[in-house]
Undergrad: 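My questions will all concern the structure given below.
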Amino acid sequence: MKITSAVFDVSAPDFASCPQETFPEFALIGRSNVGKSTLLNRLAEKRDLARVSGTPGFTKMLNFYTINRRWRLVDLPGYGFAKTSQQERARYTRLIEDYLLKRRNLACVLVLVDSSIPPQAADLDFVQWIGRADRPFALVFTKEDKAKGNKAMEHIEQFMGAVAEWFEEPPLMFVTSAKNQIGVRELQHTIAQAASGDPDSDLDER
Ligand SMILES: Nc1nc2c(ncn2[C@@H]2O[C@H](COP(=O)(O)OP(=O)(O)OP(=O)(O)O)[C@@H](O)[C@H]2O)c(=O)[nH]1
Ligand SMILES: [Mg+2]
């Protein structure tokens with residue numbers, strides 16, 4: 001699959017400001033600092049498309065990017081970030097919920113989980129919530145390069161074990177490292193296939 005264009009559309013501070021529901025959307029969500037913006041840039045093959053920051057909680061709006069004039073990637077604010085005012089947090093929690101529950105062209109929620117650390121309650125809670133909400137999602141483990149030895153795989157197995165009881169079939173999952181370009185092509189290919197309406201796409205089955 002070839003990326004021929006990747007353009008920033010708009011930053012939406014509220015649900016009403018989201019662009020028209022023209023293209024299938026793939027939304028990246030996860031805790032602050034999990035690597036959402038970094039992975040988005042890798043998927044779009046454009047280094048500085050989404051801003052990567054050393055400061056957790058940087059992305060406070062929904063940022064929309066159109067790829068190949070056919071589908072969109074959406075960078076969502078990180079959840080579980082404490083260092084903002086309660087009012088500000090309430091605003092973007094509402095924004096995330098509105099988007100995830102109401103957006104009709106939402107093709108798949110990519111739930112990013114940091115594989116360099118043990119399973120975190122915030123991630124498990126989110127997976128349970130999105131499952132109950134019955135929205136299509138896939139798990140994307142990030143930073144596969146970061147933990148020493150076999151730790152990443154251990155964390156991933158622990159995570160998959162913990163979520164297993166909530167689902168009849170284990171959720172679709174990808175293991176990635178944006179740093180070492182592991183798993184990125186595979187995820188990109190799966191997204192593009194789903195975006196083109198291919199019935200064989202793994203994302204479409206769920
Ligand atoms: N080792 C390693 N570091 C990564 C990887 N992906 C991202 N990072 C680093 O993790 C940090 C956070 O990355 P971001 O992409 O800004 O994370 P984010 O989820 O968008 O963060 P917020 O916008 O604050 O929610 C940056 O310092 C990245 O360089 C990876 O695959 N491996
Ligand atoms: Mg970000």
Side-chain angles (χ1 to χ4, degrees), residues 6-13 18 25-67 72-86 88-97 99-100 108-127 129-130 137-156 159 173-188 190-191:
V7 290
F8 167 70
D9 297 312
V10 72
S11 288
C18 293
E25 284 172 358
F26 301 83
L28 287 82
I29 190 159
R31 286 183 314 111
S32 281
N33 216 42
V34 69
K36 296 177 292 293
S37 305
T38 305
L39 185 65
L40 190 147
N41 289 340
R42 290 296 183 143
L43 292 170
E45 296 179 12
K46 206 167 185 180
R47 188 179 290 265
D48 297 317
L49 191 60
R51 184 153 167 201
V52 173
S53 147
T55 318
F58 185 80
T59 312
K60 294 275 171 48
M61 299 194 235
L62 308 182
N63 292 311
F64 292 81
Y65 304 87
T66 298
I67 314 298
R72 287 200 194 104
L73 291 170
V74 186
D75 199 3
L76 302 187
Y79 53 71
F81 180 64
K83 268 196 205 159
T84 48
S85 71
Q86 250 182 17
E88 176 71 358
R89 185 130 62 120
R91 180 189 68 78
Y92 68 76
T93 300
R94 169 85 193 275
L95 173 62
I96 294 170
E97 283 192 9
Y99 175 82
L100 293 176
C108 188
V109 184
L110 304 173
V111 183
L112 273 59
V113 178
D114 188 342
S115 72
S116 71
I117 53 173
Q120 304 286 302
D123 294 325
L124 294 169
D125 288 350
F126 182 79
V127 171
W129 181 83
I130 199 86
F137 77 95
L139 296 173
V140 179
F141 293 95
T142 63
K143 307 193 187 184
E144 187 273 342
D145 61 278
K146 203 174 166 192
K148 287 209 175 76
N150 214 18
K151 280 279 172 215
M153 280 305 154
E154 278 175 33
H155 297 147
I156 291 168
F159 197 93
M173 65 97 136
F174 298 84
V175 178
T176 68
S177 161
K179 196 175 167 197
N180 294 346
Q181 189 68 17
I182 288 165
V184 176
R185 292 286 300 177
E186 186 197 346
L187 179 58
Q188 190 191 50
T190 307
I191 292 172

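In each ligand, atom 1 is the first atom listed, and ligand 1 is the first ligand listed. Every heavy atom of this structure was used, including side-chain atoms; hydrogens, water molecules and symmetry mates were not.
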Undergrad: Under 4.0 Å from a heavy atom of Gly78: which atoms of ligand 1 are those, numbered in the order shown and with their elements?
TA: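 That gives atoms 25 (O) of ligand 1.
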Undergrad: Please compare Arg31, Arg42, Lys36, Lys143 and report which has the shortest non-hydrogen distance to atom 9 (C) of ligand 1.
TA: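 Among Arg31, Arg42, Lys36, Lys143, the closest heavy atom to atom 9 (C) of ligand 1 comes from Lys143.
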Undergrad: Should you measure from each heavy atom of Ser37, which atoms of ligand 1 turn up under 4.0 Å away?
TA: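 By the 4.0 Å cutoff, the relevant atoms are 15 (O), 20 (O).
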Undergrad: Which atoms of ligand 1 are found less than 4.0 Å from any heavy atom of Gly35?
TA: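 By the 4.0 Å cutoff, the relevant atoms are 7 (C), 13 (O), 14 (P), 15 (O), 17 (O), 18 (P), 19 (O).
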Undergrad: With only distance considered, is Asp145 within less than 3.5 Å of ligand 1 through an N or O on each side?
TA: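 Yes.
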Undergrad: Once ring pair (Phe, Tyr, Trp, His ring centres under 6.0 Å) is applied, do any residues pair with Phe174, and if so which ones, sequence neighbours excluded?
TA: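 Phe174: no ring pair (Phe, Tyr, Trp, His ring centres under 6.0 Å) contacts found.
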Undergrad: Of all the atoms in ligand 1, which lie at a distance below 4.0 Å from a heavy atom belonging to Thr38?
TA: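 What qualifies from ligand 1 is 6 (N), 7 (C), 13 (O), 14 (P), 15 (O), 28 (C).
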Undergrad: Heavy atoms only: give me the nearest Ala178-Thr38 pair and the separation to one decimal.
TA: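 Smallest heavy-atom distance, with atoms named: CB-CG2, 3.6 Å.
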Undergrad: Considering only heavy atoms of Ser177, which atoms of ligand 1 have at least one such atom less than 4.0 Å away?
TA: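 So the atoms of ligand 1 that pass are 31 (O).
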Undergrad: I want to confirm something. Looking only at heavy atoms, which of Asn63, Asn33, Thr176 is nearest to atom 22 (P) of ligand 1?
TA: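 That would be Asn33.
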Undergrad: State whether the shortest distance between N or O atoms of Glu144 and N or O atoms of ligand 1 falls below 3.5 angstrom.
TA: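 No, since none of the N or O atoms of Glu144 sits under 3.5 Å from an N or O of ligand 1.
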Undergrad: I'd like to know whether Glu154 forms a salt bridge (charged side-chain N to carboxylate O under 4.0 Å, His left out) with Lys151, so could you lay out the CA-CA distance, the side-chain angles of the two residues, the decisive distance to 0.1 Å, and finally the verdict.
TA: CA-CA 5 Å; Glu154 278 175 33; Lys151 280 279 172 215; 3.4 Å; yes
Undergrad: Do any N/O/S atoms of Ser37 come under 2.8 Å of the Mg ion (ligand 2)?
TA: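 Ser37 does place an N, O or S atom closer than 2.8 Å to the Mg ion (ligand 2).
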Undergrad: Below the 3.5 angstrom mark, is there an N/O of Asp75, backbone or side chain, next to an N/O of ligand 1?
TA: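 No; every N/O pair is 3.5 Å or more apart.
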Undergrad: Name the residue from Val184, Leu49, Thr176, Ile67 that meets the side chain to side chain contact (heavy atoms under 4.5 Å, CB included) definition with Leu43.
TA: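 That would be Val184; it is the only one of Val184, Leu49, Thr176, Ile67 passing the side chain to side chain contact (heavy atoms under 4.5 Å, CB included) with Leu43.
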Undergrad: Kindly write out the residues that satisfy salt bridge (Lys or Arg N to Asp or Glu O under 4.0 Å) with Glu45, not counting sequence neighbours, or none if the list is empty.
TA: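 For Glu45, the residues satisfying salt bridge (Lys or Arg N to Asp or Glu O under 4.0 Å) (neighbours in sequence not counted) are Arg185.
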Undergrad: Taking distance alone, with N or O pairs closer than 3.5 Å, would you say Ala178 contacts ligand 1?
TA: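 N/O-N/O distance below 3.5 Å exists for this pair.
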Undergrad: Of all heavy-atom pairs between Met173 and Ile156, which one has the smallest distance, and what is that distance?
TA: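 For Met173 versus Ile156, the nearest heavy atoms are CE-CG2, 3.7 Å.
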Undergrad: Is the ring pair Tyr65/Phe8 parallel, tilted or perpendicular, if the boundaries are 30 and 60 degrees?
TA: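 It falls in the tilted class, 30° to 60°.
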Undergrad: If we count only N and O atoms by modelled type, under 3.5 Å, do the side chains of Asp114 and Thr142 hold a donor and an acceptor together?
TA: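 No pair is found: no donor N or O on one side chain lies under 3.5 Å from an acceptor on the other.
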